[in-house]
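Every heavy atom of this structure was used, including side-chain atoms; hydrogens, water molecules and symmetry mates were not. Letters go in sequence order (proteins before strands), and every chain restarts at 1.
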Amino acid sequence: MVESDGIICFFPNQTGPHPLKETDMKRNRINALLSSEQPLPSVLIKGWVRTRRDAKTFSFIELNDGSCLANIQVIADDQLDNYDSVKKLSTGSSVCVRGTMHDSPGKGQKWEIHATEVIIINMAPDDYPLQKKRHTDEFLRTISHLRPRTNKYGAAFRIRSRLSYAIHQYFQERGFTYIHTPIITGSDCEGAGELFQVTALDLDNPPRKDEKPGKNQKIDYEADFFARQAYLTVSGQLEAEMFALALSDIYTFGPTFRAENSNTSRHAAEFWMVEPEMAFCDLAEDMDYAQDFIKFLVTDIMENCAQDLDLFARFVDKNLTTTLENITSKEFIRLPYTEAIPLLKNCGKKFAYEVFFGADLQTEHERFLAEEHFKQPVIIYDYPKTIKPFYMRVNDDDKTVAAMDVIVPRIGEIIGGSQREERLDVLESRMDVCGVSKKELWWYLDSRRYGSVPHSGFGLGFERLVMLVTGITNIRDVIPFPRTPGAIEF
RNA sequence: UCCCCAGUAGCUCAGUUGGCAGAGCAAUUGGCUGUUAACCAAUGGGUCCGCGGUUCAAGUCCGUGCUGGGGAGCCA
């Protein structure tokens, strides 16, 4: 049997009676039809016309409903009452087709639909921007509302959806609890970049602390919605830790916001992040999880999105299959920072940024390690404490912290994580050194005061994962409506 | 934010030393055809990104702004 569902249709641009009758609301998905084992005497499909070719007494209509990459070929002949209109069907038009499914005598497809009825839901005018040819990503970005109707973007967003599902599957199967950490936060000391401020104040005329007018008149945030300054979250980690220290293994998966003026193909102001946090877990186990997690996700997409993935392997990145198999088949290299430094120093390659202990690794260094030296994912760990945030656990050498970054070819850093500092006294002195307010994070310190345990976690940039899996090189093309500096159309 | 490159028809692009604005695809019309980014013919289509300057003359040279891309920083 072919699956069908009860999608409710409505036609906001239609003023007359609905062209579809009440009984028409069950439709067959094109992916279900195309994978059918036998011909079907009665099918109902609804979708958008990708292209139309006319023969002498009939038209070939390529129909796509987004359920899969492939179109289904509809044969609409001149016996149809409205054949004159059908012959004018343009790319982008929406139709409802009733008919029978048969073996296709032509090359290129197994099945085709012989239409007994073609209802034109909406005829797309000839200025429909998507043509039957390849468009550049830059152009498609200017029509982000229409680009999911292309093969490439349809495939990308089906993969993005499946990856989201696989993330939940991975953690749920392992007994992790999904935690919704807040989007709005009161702490500006999370230590990860510039924050977007959230306010309900009238910015044209904000309340002032001092009645006397003057240049140094401070805004009175006690009059704001939360009675203090508030921001969009840059990470759910600190809150996630509180739940790991109660439910043992937890994860978050949600949007994150950075007001950094970053103009690169790997940064967005609004992006999604996965942050697992595990109690009774040290850095080595944290790295085990990070590696296992990425391998699981890549394997899942190779198994469950083969058709969509094939598009990317053929047209977007010729090396994609090799890259992905490299990830699933090998153990990730684990390289302590202290060994990475001499390796980079003595590799014979000239870098723009000098390499020395205490220096953060630059993009050029990470790319060299993952793309040229090891040619596979690398986990670098035990970084100098001077370049890492306050919450990372100080190692016995008192010079490094138990931090780790997973570097993959082409993307660079895809995961950043650490074992967290569970010792109250060490944490407090680190906060002093890093200039983080102990008063504001009293609740965070409480977790180290009452039943503190070793725990670890990491953050995975979800869009970077989609880029890794698809071979897409610009983050703006793996998120439906990208937000970047100066760009918030749609 | 910094460095580099680009902006010409709906889309992708060409445009020589400064001298009449071009092609392919798309669109429209007609023809042909179990077609596969179908094919053939004809037709229509331009604020050469904006502003200012040099020049007899600017798509072309200069300045400036805007937009986009690549790289860097920051990071996921």
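For Ser59(A) (side chain) and Ile61(A) (main-chain N/O), no donor-acceptor pair under 3.5 Å exists by modelled atom type. The closest donor-acceptor contact from the side chain of Gln376(A) to the backbone of Glu331(A) lies under 3.5 Å.
Spacing of P atoms, G18(B) relative to C62(B), comes out at 11 Å, to the nearest Å. The same atom, P, is picked in U43(B) and in A23(B); the two are 11 Å apart, to the nearest Å. Rounded to a whole angstrom, the distance from the P atom of U67(B) to that of G59(B) is 25 Å. When the P atom is compared between C48(B) and C11(B), the two are found 15 Å apart, to the nearest whole Å. With C1' as the reference atom, C4(B) and A76(B) are 26 Å apart, rounded to whole Å. Comparing G10(B) with G46(B), their P atoms are spaced 8 Å from each other, to the whole Å. Spacing of P atoms, G68(B) relative to G63(B), comes out at 23 Å, to the nearest Å. Spacing of C1' atoms, A42(B) relative to G50(B), comes out at 37 Å, to the nearest Å.
Under 3.5 Å, the side chain of Glu364(A) and the base of G73(B) form no donor-acceptor pair of N or O atoms. Contact of Gln109(A) with U35(B) (side chain to base): a donor-acceptor pair of N or O atoms is detected under 3.5 Å. Put simply, the side chain of Arg258(A) and the base of A76(B) share a donor and an acceptor less than 3.5 Å apart. With hydrogens and angles ignored, no donor-acceptor pair closer than 3.5 Å exists between the side chain of Arg53(A) and the base of C39(B). Remark: the Ser262(A) side chain and the C75(B) base include no donor-acceptor N/O pair separated by less than 3.5 Å. At a cut-off of 3.5 angstrom, counting only N and O atoms as typed in the model, there is no donor on one side facing an acceptor on the other between the side-chain of Asp126(A) and the base of U28(B).
Using a 4.0 Å heavy-atom cutoff across all strands shown, Ala268(A) reaches at least one base atom of the nucleic acid. Using a 4.0 Å heavy-atom criterion, one finds that Glu463(A) contacts no nucleic acid atom at all. Nucleic acid contact for Tyr353(A): sugar-phosphate only, since backbone atoms but no base atoms lie under 4.0 Å from a heavy atom of the residue. Residue His267(A) is classed as a base contact, given a heavy-atom separation below 4.0 Å to a base. Residue contacts shown for Leu140(A) are absent, as no nucleic acid heavy atom lies under 4.0 Å away. Tyr128(A) comes within 4.0 angstrom of no nucleic acid atom, judged by non-hydrogen atoms across all strands. In this structure, Ile414(A) reaches the sugar-phosphate backbone alone: every heavy-atom distance under 4.0 Å involves primed, P, OP1 or OP2 atoms, never a base. Counting any heavy atom pair closer than 4.0 Å across all strands shown, Glu112(A) reaches a base atom. Among the atoms of the strands shown, only primed sugar atoms or phosphate atoms (P, OP1, OP2) are found under 4.0 Å from some heavy atom of Thr136(A). Residue contacts for Asp54(A): at a heavy-atom cut-off of 4.0 Å it reaches a base atom on one of the strands shown. Counting non-hydrogen atoms under 4.0 angstrom, Arg141(A) reaches the backbone sugars and phosphates but no base. Using a 4.0 Å heavy-atom criterion, one finds that Gly106(A) contacts the bases of the nucleic acid, with or without backbone contacts as well. Phe271(A) comes within 4.0 angstrom of a base, heavy atoms only. Nucleic acid contact for Ser265(A): sugar-phosphate only, since backbone atoms but no base atoms lie under 4.0 Å from a heavy atom of the residue.
Residue Asn71(A) forms a side chain to side chain donor-acceptor pair (under 3.5 Å) with just one option from Asn151(A), Asp65(A), Asn64(A), and that option is Asn64(A). Among Arg52(A), Arg53(A), Gln109(A), Lys132(A), the single residue meeting the side chain to side chain donor-acceptor pair (under 3.5 Å) criterion with Glu62(A) is Arg53(A).
Among the nucleotides U12(B), G73(B), U1(B), the one closest to the side chain of Thr264(A) is G73(B). Proximity note for Ser104(A) (side chain, C-beta onward) versus G34(B), G73(B), U12(B): the nearest is G34(B). Taking the side chain of Lys133(A) as heavy atoms from C-beta on, and the options G24(B), G69(B), A76(B), the nearest nucleotide is G24(B). Comparing G10(B), C74(B), G70(B) against the side chain of Gln131(A) picks out G10(B) as the nearest. The side chain of Met273(A) lies closest to A76(B) when the candidates are A76(B), G69(B), A72(B). Taking only side-chain atoms of Pro105(A), from C-beta outward, the nucleotide of G69(B), G34(B), A76(B) with the closest atom is G34(B). Comparing U35(B), U12(B), A76(B) by their closest approach to the side chain of Phe60(A) singles out U35(B).
Phe293(A) and Phe171(A) have tilted rings, their planes meeting at an angle from 30° to 60° on a 0 to 90° scale. In this pair, His114(A) and His102(A) present their aromatic rings tilted. The plane angle is within the 30 to 60° band.
Taking the ring axis of Tyr170(A) as reference, the NZ or CZ atom of Arg174(A) stays within 45° of it and closer than 6.0 Å to the ring centre.
Pairing partner, U29(B): A41(B), with both Watson-Crick or wobble hydrogen-bond distances short of 3.5 Å. Base pairing of C11(B): its partner is G24(B), meeting the Watson-Crick or G-U wobble criterion (both donor-acceptor distances under 3.5 Å). Using N1 to N3 plus N6-O4 or O6-N4 for Watson-Crick, or N1-O2 and O6-N3 for G-U wobble, each under 3.5 Å, G46(B) pairs with nothing. Using N1 to N3 plus N6-O4 or O6-N4 for Watson-Crick, or N1-O2 and O6-N3 for G-U wobble, each under 3.5 Å, C51(B) pairs with G63(B).
For the residue pair Asp382(A) / Asn395(A), a side-chain donor-acceptor distance below 3.5 Å is found, with atom types taken as modelled. Under 3.5 Å, the side chains of Tyr337(A) and Asp405(A) contain no donor-acceptor pair of N or O atoms.
Heavy-atom distances to RNA chain B give each of Lys107(A) and Pro129(A) a nearest nucleotide, and the one nearer the 5′ end belongs to Pro129(A).
Taking atom CZ of residue Phe257(A) and atom P of nucleotide C74(B), one finds them 24 Å apart after rounding to whole Å.
Checking the phosphate oxygens (OP1, OP2) of C11(B), no side-chain nitrogen or oxygen of Lys132(A) falls inside 4.0 Å.
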